[in-house]
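Down below is the structure, laid out as structure tokens.
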Amino acid sequence: MRYWVLKSEPETFSIEDLEQAKAKTTPWDGVRNYQARNFIRDKLKKDDLAFFYHSSCQIPAIVGIVEVVSEACPDATAFDPKSPYYDPKSAPNTPRWFKVDVKFKQKFNSPISLATLRQHPSLNGMILLQKGNRLSVIPLTHKEWDTILKISKDTL
DNA sequence: GCCAACGTTGGC
DNA sequence: GCCAACGTTGGC
């Protein structure tokens, strides 16, 4: 199994929204970046775990943990002209975009801010921390996952 | 609100 | 296939 970071703008969809969702589960749809798409389609598997990251907000931070609970399938929002994620170039028989379902696992008592993550030298290589990084589905090494988990436990 | 960094588009 | 122009992301 693999570990990930999934980014979301809390004004659009927050971890609280996920916790309150039906079955605490949501389709992780609307991803419109090819690199992120490839991770979703090819690498995200049922039972993978991911940190939920709040971006473009007052304190960008990892705020909790979610679990992948489905395999990848076509992102239906791309077929819907009324959806903000509509993409006329994606058709049901030749889908361009994909999604998985994710389920709420845990919300951290104290979020781990970007600034905090940057204070840990062992996380320097993280894709999330790299300058100019805009990827919304980010792979983590097992070591990075463990390090961040430990930070979350130390700050309880 | 600014702006750096990056991705995408489209003319040639 | 190059690259300029434009659009978007996201931290600050």
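Residue numbers begin at 1 in each chain, while the letters A, B, ... track the order of the sequences. Only heavy atoms go into these numbers, but all of them, side chains included; no hydrogens, no water, no symmetry mates.
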Does a side-chain N-to-carboxylate-O contact under 4.0 Å join [X] and [Y]?
X: A/Lys99; Y: A/Asp101; result: yes
X: A/Lys150; Y: A/Asp154; result: yes
X: A/Arg32; Y: A/Asp75; result: yes

Contact pattern, 5' to 3', of nucleotides 3-10 of chain C - B, S or - by protein heavy atom under 4.0 Å: ----BBBB
Looking at CD1 of A/Ile62 and CG of A/Leu114, how far apart are the two atoms once the value is rounded to the nearest 0.5 Å?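 A/Ile62 CD1 to A/Leu114 CG: 8.5 Å, rounded to 0.5 Å.
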Calculate the interatomic distance between A/Ile127 atom CD1 and C/dG11 atom C1'; express it in whole Å.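 Atom-to-atom, A/Ile127 to C/dG11, this comes out as 18 Å.
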Which residue is it: A/Lys46, A/Lys105, A/Lys45? I am looking for the one with a salt bridge (charged side-chain N to carboxylate O under 4.0 Å, His left out) to A/Glu67.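 With A/Glu67 as partner, salt bridge (charged side-chain N to carboxylate O under 4.0 Å, His left out) holds for just one option, A/Lys105.
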